[in-house]
Protein chains: 2
Amino acid sequence: MKITDVARHAGVSPSTVSYALSGKRPISDDTKRRVEEAIRELGYRPHAGARALASSKSNVLALVVPLRAGIHIPVVMQFAVSVVTTARRYDHDVLLLTQEEGEEGLRRVADTALVDALILMDVQLQDPRLPLLRVLERPSVMIGFPASSEGLTCIDLDFKAAGEVCVEHLAGLGHRAVALVGSPPEVYVRQTAFAQRVVQGFTAAADRHGLASSVHPCEAASGAARKVAEQLLRDQPALTGVVVHNEPLLEPLIDAFEQLGLRVPGDLSVTAICPDELAESIRVPVTSVALPSADIGTRAVELLMRKLDGTEVPEATLLAPRLTERASTAPRNA
Amino acid sequence: MKITDVARHAGVSPSTVSYALSGKRPISDDTKRRVEEAIRELGYRPHAGARALASSKSNVLALVVPLRAGIHIPVVMQFAVSVVTTARRYDHDVLLLTQEEGEEGLRRVADTALVDALILMDVQLQDPRLPLLRVLERPSVMIGFPASSEGLTCIDLDFKAAGEVCVEHLAGLGHRAVALVGSPPEVYVRQTAFAQRVVQGFTAAADRHGLASSVHPCEAASGAARKVAEQLLRDQPALTGVVVHNEPLLEPLIDAFEQLGLRVPGDLSVTAICPDELAESIRVPVTSVALPSADIGTRAVELLMRKLDGTEVPEATLLAPRLTERASTAPRNA
DNA sequence: ATGAAAGCGCTAACAT
DNA sequence: ATGTTAGCGCTTTCAT
């Protein structure tokens, strides 16, 4: 079943069928109807490879997902799903690449014209893929910010501002000593951008408000919660505000505090940077800055589509943090 | 940079380059060397669309991932990653589809020849996609078993046997009253195959051994753990053995039992069906039947490759459960 | 062991 | 508004 079959069946030329499908030139209503009918009757589907060859567009995007330790998997899935869903709205499909394939994988799918454009997640401050992206003849969008991003397109939650907003919320409630429970150490060692930026924002805001502060990278294993809680209280006996940037640890940590005799939010206020869904599902719903995975995924695809169109897009898109107050924060005890 | 360029540069014909690349006919060592050199020097990459058109093979597999409620996301990601990794070993890429696209999505990627074959996850007992798969001209593999799978290729953990093995382990330790804490109710309502089969195996084995038993579908929200624990003890005061088939609930449930004054495994033995990684990471490492996501993903791709080769493959592949004893099970108190 | 050439099915100039 | 046709870059017969 090919386009010439459809053309014959509809009594038109192949190009007319092609144009009826693409809308790239005006077709009379009558012709269009006949073409559509022929397509339906014959169950015609254009051959993706032939299209890609003739048009130099595969209508496929590459999505590179991170697999490394310390990344919260459900967030990755949410990104992926929103990327796929949005891509489909623009008539594109999504090819899944793992980071294992590395730069060679990017080069492969780009150079073979298997994909038209690329989306990368888990960007590091000094990401080895950056030089490649700059020379690749295909547009790309990075979810996350490297140290220097000139000539590249990046989008992410403004993690620095997120760290600040959390501290400011706590400061506004009268808290004077705060701690950040961060991502697993390996995330910092890798210089993953978002983890670093939370620390920057957290520390800057704490200093600005004259709060005592400390930062604790932390394993995601929930078994670690008790130890972390104890350590925090040992290091900062005056501690009354905690910012958690570590999804799997959030609930166990709150449990651990309560088991140590600290009521949340009575004795200790807790804020988090995490998906709203998680913040809401916890026994004590947690005041949090949303990690809007779906929104970021959608906007990453939209940026890419505009780049494929030849439209200019901003190099950096930082999404402003949105803090939602829930039950885990309260004014400091007198 | 195309194949004719390489051919000219190497002083051979385009077909020779093609054959040197595919190995589909003998090439003299000397010629092969010259071709490889030309490819390297010119940085040549064959155009994926042109290949697909000429060979009627896209070298792309579709992977349909479930998004529905009650599915444990990290397990889905593990599948996806192992599918991608294995596919790459066979020189294939993976196109990511969401279940949202439904049957139309499958038809689209198959009929446009965007993919050569398909892998489906989260199969339901009466899956609406089954008839389509039977008529589709492309091979497919389902991860999971529908009610009737003639003519289709399925692979999964033998969940029925997994349920049995858990009960038998408990029975062997002298336990006489057991309960199954299952997947969220919506999973059963959807008639998702694996959840049902665990229940079958659990119940059959309990009956066979003359154990008192009960089954409790259960939300994944960890807040529900306490309620479930209390309900279990109310329903079955003699309860000493629990089988958990609900990843997110596993740890909270054990915590809840202990808070109710029941030591694990002193008073209550707990087994689970879950990834080994999860079972090991819990405070009380849990005796479990492994959910070998990576293995299943790998084998699904291997089945598909053999089908693409024209090799016959078994319609049903049930992976035997493997129970690992850990700290959460012990003989029943005298 | 290698070359020549005919497609694969579509798009997009270039007609009219 | 529609038709004609020359590719797109590769694979694979068919020759030799």
Side-chain angles (χ1 to χ4, degrees), chain A residues 1-39 42-60 91 108-116 137 308 310, chain B residues 1-36 38-39 42-60 91 108-116 137 308:
Chain A
M1 209 40 54
K2 38 209 227 192
I3 200 168
T4 53
D5 299 324
V6 176
R8 192 175 334 106
H9 194 269
V12 299
S13 75
S15 59
T16 297
V17 176
S18 175
Y19 286 118
L21 243 29
S22 69
K24 287 191 183 171
R25 83 180 184 188
I27 301 282
S28 74
D29 285 357
D30 183 56
T31 308
K32 183 178 289 172
R33 203 187 33 67
R34 296 218 318 284
V35 169
E36 280 162 0
E37 204 170 300
I39 289 177
L42 301 181
Y44 166 74
R45 299 276 195 169
H47 187 287
R51 272 196 151 165
L53 179 55
S55 67
S56 346
K57 283 180 195 340
S58 67
N59 274 34
V60 175
D91 196 31
R108 182 176 58 80
V109 297
D111 288 353
T112 61
L114 186 48
V115 307
D116 297 333
E137 68 286 20
L308 284 170
Chain B
M1 211 37 58
K2 38 210 228 190
I3 200 169
T4 53
D5 299 324
V6 176
R8 193 175 334 107
H9 195 268
V12 299
S13 76
S15 57
T16 297
V17 175
S18 176
Y19 284 118
L21 243 28
S22 69
K24 287 189 183 172
R25 85 180 183 189
I27 300 283
S28 74
D29 286 356
D30 182 55
T31 308
K32 183 179 288 171
R33 202 186 32 67
R34 294 217 319 283
V35 169
E36 281 163 0
I39 289 177
L42 301 181
Y44 167 73
R45 300 276 196 169
H47 187 286
R51 273 195 151 165
L53 179 55
S55 68
S56 342
K57 283 180 196 341
S58 68
N59 274 34
V60 175
D91 197 30
R108 181 175 59 81
V109 297
D111 288 352
T112 61
L114 186 47
V115 306
D116 296 333
E137 69 286 21
L308 284 170

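Below, chain A is the first sequence line, B the second, and so on; all start at residue 1. All values below were derived from every heavy atom in this structure, side-chain atoms included, with hydrogens, water molecules and symmetry-related copies excluded.
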How would you list all residue pairs meeting side-chain hydrogen bond (donor to acceptor under 3.5 Å, both in side chains) that involve residues 10-20 of chain A, not counting sequence neighbours? A:S13-A:S15, A:S13-A:T16

For B:T31 and C:dA1, is the shortest distance between a side-chain N/O and OP1 or OP2 below 4.0 Å? no

Can you check whether A:S28 has a side-chain N or O nearer than 4.0 Å to OP1 or OP2 of D:dT2? yes

When you get a sec, tell me which of D:dT2, D:dC10, C:dG9 is the closest nucleotide to the side chain of A:L53? C:dG9

May I have the step-by-step check of salt bridge (Lys or Arg N to Asp or Glu O under 4.0 Å) for A:D5 and A:R8, ending in yes or no? CA-CA 5 Å; A:D5 299 324; A:R8 192 175 334 106; 3.2 Å; yes

What's the separation between atom CZ in A:R34 and atom CG in A:D29, rounded to the nearest 0.5 Å? 12.0 Å

Can you measure B:H47 atom NE2 to D:dT11 atom P for me and round it to whole angstrom units? 12 Å

Check B:E36 with B:K32, please: is the shortest side-chain N to carboxylate O separation under 4.0 Å? no

Just how far, in rounded Å, is C1' of D:dC10 from NZ of B:K57? 14 Å

Partner set under side chain to side chain donor-acceptor pair (under 3.5 Å) for A:T31, not counting sequence neighbours: A:S28

Between C:dT11 and A:S55, is there an OP1 or OP2 to side-chain N/O distance shorter than 4.0 Å? no

For the side chain of A:V12, starting at C-beta, report the closest nucleotide among C:dA4, D:dG3, C:dC10. D:dG3

Please report the distance, rounded to the nearest Å, between CZ in A:R51 and P in C:dA12. 10 Å

Between the protein and nucleotides 14-16 of chain D, list every N/O to N/O distance that falls short of 3.5 Å.
none

May I ask you to verify if any side-chain N or O of B:S18 is less than 4.0 angstrom from the OP1 or OP2 atom of D:dT11? yes

When the distance from CZ of B:R45 to C1' of D:dC8 is rounded to whole Å, what number comes out? 20 Å

Residue A:I3, side-chain atoms from C-beta onward, closest of D:dC10, D:dG3, C:dT11: C:dT11

Nearest-angstrom distance from the residue atom CE of A:M1 to P of C:dC10: 11 Å

Closest-nucleotide ordering on DNA chain C, the 5'-leading residue of A:K2 and B:P14: B:P14

Within this structure, what is the CD1-to-P distance between B:I39 and D:dC10, rounded to whole angstrom? 10 Å

In whole angstrom, give the distance that lies between atom CG of B:D29 and atom P of C:dA1. 10 Å

Please answer whether the main-chain N or O of B:D91 pairs with a side-chain N or O of B:N59 as donor and acceptor at a distance below 3.5 Å. yes

Do B:S15 and C:dA4 share a donor-acceptor pair, side chain to base, under 3.5 Å? yes

Ignoring hydrogens and geometry, is there a side-chain-to-backbone donor-acceptor pair from B:T112 to A:H47 under 3.5 Å? no

Side-chain N or O of B:K24 versus OP1/OP2 of D:dT12: is the shortest distance under 4.0 Å? yes

